[in-house]
Amino acid sequence: MILVTGGAGFIGANFVLDWLAGSDEPVLNLDALTYAGNLESLASLTGDARHVFVKGDIGDRALLDRLFAEHRPRAVVHFAAESHVDRSIHGPAAFIKTNVEGTFTLLEATRSFWSALDAPAKAAFRFHHVSTDEVYGSLSKTDAPFTETDTYEPNSPYSASKAASDHLVRAWHHTYGLPVVTTNCSNNYGPYHFPEKLIPLMIVNALAGKPLPVYGDGQQVRDWLYVKDHASAIRAVLAGGRPGEVYNIGGWNEKPNIEIVHTVCALLDEMRPDPAGSYSRLITYVTDRPGHDRRYAIDARKVERELGWRPAETFDTGIRKTVRWYLDNAGWVEHVQSGAYREWVDTNYSARAA
Ligand code: NAD
Ligand code: DAU
C-alpha cells in the first residue's frame with residue numbers, strides 16, 4: 001500500500017483516481033479536509049476497498065505512528081499543503097504550520113517507521129515530496145527555464161514555506177539516508193480544481209456573468225500542465241527516480257495569463273454561448289498581487305532523459321477537456337461554493353480596485 005497525504009485536494013484526488021485506475025495497490029489517503037479538501041472528488045471510489053480514507057492532520061504525530069504501524073506503507077506521496085499564494089499573503093501562519101511543521105512531523109514519523117524496516121524494505125521505500133516551481137523565484141522574459149540546480153529564491157509566504165519543506169526533505173536524505181525523491185512542478189489545471197485558482201475561477205465567474213479579475217497587466221507567464229500528466233510524472237518518479245534526486249516537471253506550455261483568460265472565454269463562447277455576447281466582455285483588470293512573480297518556466301529534460309516522461313496533453317487538448325468538465329459537473333462546482341468560499345472571494349477581491 002502507499003500512503004498519500006492531501007489526497008482529497010485537487011492534484012491529490014486526481015493522483016488517487018489515476019493510481020487506482022491503473023493499479024490494484026491500495027491507497028491510504030490521509031487528508032485534514034480543509035476548505036480545499038473535498039471527498040466529492042473521490043465519490044467514484046465509494047465502496048472501493050482499495051481506497052482507505054482517514055481524516056487527519058499531517059502534524060498529528062500519534063495518528064501518523066498509528067497509521068504507519070497498522071498499514072505499513074511501502075511509500076509516502078506527500079501532497080498535503082496550503083497551496084494558494086493569495087491566501088498565504090492574507091494569512092501566512094497556516095502555511096508555516098502545515099507546509100513546514102507538518103512536513104517535519106511527517107518526515108519524523110516516516111523516519112521512525114523506515115528505520116525499523118529490514119534492509120531490502122528500507123532500500124525499496126520511498127518518500128515522494130510533491131513541490132512547486134515557485135521555490136526558484138521569478139524569471140525575466142529572456143531567462144532560461146528553471147533547472148533542478150537553480151538557486152532557491154522564493155518570493156511569497158507560500159513559496160517560502162514550500163522551499164523550507166524541500167530543504168527539510170533534502171536534509172532527511174542527506175543526514176539520515178531516508179530514500180526521498182522531490183518533484184518541483186509548474187501550474188496544474190484540470191478537473192476538481194478549486195475555483196480560487198486562475199483557470200477554474202475564470203470558468204465559474206464567466207458562467208455566473210461575474211467580472212473576470214486579471215491581476216496587474218495580465219502579462220505574467222505560467223507554464224501549464226494538465227493534472228493527469230502531473231499524476232503520470234509522479235508515478236514515473238516514484239517507480240524509477242533516484243533517491244535524493246530532484247525532478248522538475250512541466251508542460252512546455254508557457255502562456256501569459258491574459259491569453260489563458262481569452263482562451264477560456266473562447267471555449268465557453270463555443271460550448272455555452274451567452275446571448276449577451278462574448279464572455280471576454282467580463283475581463284476586468286484589477287490591482288496586482290503583492291510581490292507577484294513575473295514568469296515561471298520549467299526545463300523538464302531531466303525527467304524525460306532519465307525516466308522517459310513527457311506530458312501527453314497539449315494545452316489545446318487539456319484546456320478543452322477542462323472547460324468541458326466544469327460544464328458537465330455543475331453540481332461539484334455548486335457544492336464547493338460554500339459560505340466560506342464566498343467569504344474568501346470577498347476578502348481577496350473586494351479591496352482590489354478595478
Ligand atoms: P489543494 O490546496 O487543492 O489540496 C491540498 C490538500 O491538502 C487538501 O485536500 C487539504 O485538505 C489537504 N491538507 C491541507 N492541510 C493539511 C494537513 N495539515 N494535514 C492533512 N491534509 C491537509 O492543493 P493542490 O493544488 O492539489 O496541491 C497539492 C500539492 O502540490 C501541494 O503540495 C502543492 O504545493 C503542490 N503543487 C501544486 C501545484 C498546482 O498548480 N496546484 C503545482 C505544483 C505543486
Ligand atoms: O507554479 C506552481 C504553483 O501554481 C503552485 O505551487 C500553486 O500551488 C498554485 O496555486 C499555482 O500558483 P499561482 O499563483 O501561479 O496560481 P494562481 O492560479 O493563483 O494564479 C495563476 C496566475 O494568475 C498568477 O499569475 C496570478 C494570476 N491571477 C490569479 C487569480 C486567482 C489573476 O490574474 N487573477 C486571479 O483572480
Side-chain angles (χ1 to χ4, degrees), residues 4-15 29-39 41-42 54-60 63-64 77-89 94-95 97-99 101-103 105-106 129-136 138 146 154 156 158-159 161-162 165-166 183-190 192-202 205 211-225 227 230 234 249-250 255-258 260-261 283-289 292-298 344-345 348-349 352:
V4 169
T5 71
F10 163 49
I11 305 174
N14 276 287
F15 175 82
N29 185 351
L30 172 66
D31 194 297
L33 295 181
T34 67
Y35 79 92
N38 185 357
L39 285 178
S41 308
L42 299 164
V54 176
K55 181 177 187 301
D57 198 306
I58 55 165
D60 181 344
L63 172 65
L64 291 174
V77 186
H78 177 34
F79 295 94
E82 289 292 337
S83 69
H84 191 30
V85 173
D86 292 318
R87 285 188 192 253
S88 82
I89 294 167
F95 289 72
K97 186 113 203 94
T98 286
N99 302 0
E101 292 176 29
T103 300
T105 306
L106 182 64
H129 180 54
V130 180
S131 193
T132 171
D133 58 0
E134 301 202 10
V135 298
Y136 299 119
S138 184
F146 300 128
S156 72
Y158 163 69
S159 53
S161 69
K162 290 296 291 186
S165 68
D166 292 11
T183 44
N184 291 87
C185 187
S186 62
N187 287 61
N188 286 213
Y189 67 100
Y192 306 112
H193 204 180
F194 193 75
E196 64 185 355
K197 309 279 169 66
L198 180 71
I199 289 179
L201 182 90
M202 294 298 153
N205 278 17
L212 307 180
V214 173
Y215 296 166
D217 63 3
Q219 294 301 330
Q220 304 83 4
V221 171
R222 299 291 184 266
D223 176 355
W224 295 93
L225 179 70
V227 65
H230 191 185
I234 292 171
I249 313 293
K255 308 260 183 222
N257 292 339
I258 190 65
I260 298 287
V261 178
I283 292 174
T284 309
Y285 288 89
V286 299
T287 308
D288 209 351
R289 172 186 279 174
H292 200 169
D293 284 339
R294 198 67 185 161
R295 173 177 167 238
Y296 304 140
I298 280 279
W344 162 251
V345 169
N348 193 38
Y349 296 99
R352 283 180 197 273

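Indexing begins at 1, ligand by ligand and atom by atom, following the structure's order. These numbers come from a predicted model, not from an experiment.
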If you count the atoms of ligand 2 from 1 in the order shown, which ones are under 4.0 Å from a heavy atom of [X]?
{"X": "V214", "answer": "33 (O)"}
{"X": "D133", "answer": "1 (O), 2 (C)"}
{"X": "V85", "answer": "14 (O)"}
{"X": "H84", "answer": "19 (O)"}
{"X": "T132", "answer": "1 (O), 2 (C), 3 (C), 5 (C), 6 (O)"}
{"X": "P213", "answer": "32 (C), 33 (O), 34 (N), 35 (C), 36 (O)"}
{"X": "L201", "answer": "36 (O)"}
{"X": "E196", "answer": "31 (C)"}

Looking only at distances, can you tell me whether any N or O atom of [X], backbone or side chain, sits closer than 3.5 Å to an N or O atom of ligand 1?
{"X": "K162", "answer": "yes"}
{"X": "Y35", "answer": "no"}
{"X": "A80", "answer": "no"}
{"X": "G59", "answer": "no"}
{"X": "N38", "answer": "no"}
{"X": "H193", "answer": "no"}
{"X": "D57", "answer": "yes"}
{"X": "L30", "answer": "no"}
{"X": "S83", "answer": "yes"}
{"X": "E82", "answer": "no"}

So for [X], does at least one of its heavy atoms come nearer than 4.0 angstrom to any atom of ligand 1?
{"X": "G56", "result": "yes"}
{"X": "A8", "result": "yes"}
{"X": "F194", "result": "no"}

Which option, [options], owns the non-hydrogen atom nearest [atom]?
{"atom": "atom 12 (C) of ligand 1", "options": "N184, T5, I249, D31", "result": "D31"}
{"atom": "atom 13 (N) of ligand 1", "options": "T34, T132, N29", "result": "T34"}
{"atom": "atom 26 (C) of ligand 2", "options": "R295, H292, H193", "result": "H292"}
{"atom": "atom 33 (O) of ligand 2", "options": "Y136, Y296, Y215", "result": "Y215"}
{"atom": "atom 14 (C) of ligand 1", "options": "A36, A81, G37, G12", "result": "A81"}
{"atom": "atom 36 (O) of ligand 2", "options": "Y189, W224, Y349", "result": "Y349"}

Of the protein's non-hydrogen atoms, which lies at the shortest distance from [atom], and what is that distance?
{"atom": "atom 31 (C) of ligand 1", "result": "F79 O, 3.1 Å"}
{"atom": "atom 12 (O) of ligand 2", "result": "E134 OE2, 2.8 Å"}
{"atom": "atom 25 (O) of ligand 1", "result": "F10 CD2, 3.7 Å"}
{"atom": "atom 38 (C) of ligand 1", "result": "I11 CD1, 3.5 Å"}
{"atom": "atom 21 (C) of ligand 2", "result": "L198 CB, 3.8 Å"}
{"atom": "atom 16 (O) of ligand 2", "result": "N187 ND2, 3.5 Å"}
{"atom": "atom 7 (C) of ligand 2", "result": "S83 O, 3.4 Å"}
{"atom": "atom 42 (C) of ligand 1", "result": "S186 O, 3.3 Å"}
{"atom": "atom 19 (N) of ligand 1", "result": "I58 N, 3.0 Å"}
{"atom": "atom 44 (C) of ligand 1", "result": "S131 O, 3.1 Å"}
{"atom": "atom 33 (C) of ligand 1", "result": "Y158 OH, 3.5 Å"}
{"atom": "atom 5 (C) of ligand 2", "result": "Y158 OH, 3.6 Å"}
{"atom": "atom 19 (O) of ligand 2", "result": "R289 NH2, 3.0 Å"}

Under 3.5 Å donor-acceptor, [X] side chain and [Y] backbone:
{"X": "N184", "Y": "T132", "result": "yes"}
{"X": "S159", "Y": "V135", "result": "no"}
{"X": "N99", "Y": "S161", "result": "no"}
{"X": "D31", "Y": "A8", "result": "yes"}

Checking contacts here: is it the side chain or the backbone of [X] that comes within 4.0 Å of ligand 1, counting heavy atoms only? Could be both or neither.
{"X": "A13", "answer": "neither"}
{"X": "F15", "answer": "neither"}
{"X": "D133", "answer": "neither"}

Would you say the side-chain atoms of [X] and [Y] include a donor-acceptor pair closer than 3.5 Å?
{"X": "E82", "Y": "Y158", "result": "no"}
{"X": "R222", "Y": "Y189", "result": "no"}
{"X": "N188", "Y": "N14", "result": "no"}

Region of [X] that comes within reach of ligand 2 [heavy atoms, distance under 4.0 Å]:
{"X": "V286", "answer": "neither"}
{"X": "R222", "answer": "side chain"}
{"X": "K197", "answer": "both"}
{"X": "N257", "answer": "side chain"}

Would you call D133 and K162 a salt bridge, using N to O less than 4.0 angstrom?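 So D133 does not pair with K162 through a salt bridge.
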
Suppose I only count heavy atoms of [X] and a 4.0 Å limit; which atoms of ligand 1 are within that range?
{"X": "N187", "value": "40 (O)"}
{"X": "C185", "value": "42 (C), 43 (C)"}
{"X": "V130", "value": "30 (O), 32 (O)"}

Set of salt bridge (charged side-chain N to carboxylate O under 4.0 Å, His left out) partners for D86, sequence neighbours left out: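 For D86 the salt bridge (charged side-chain N to carboxylate O under 4.0 Å, His left out) partners, ignoring immediate neighbours, are R289, R352.
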
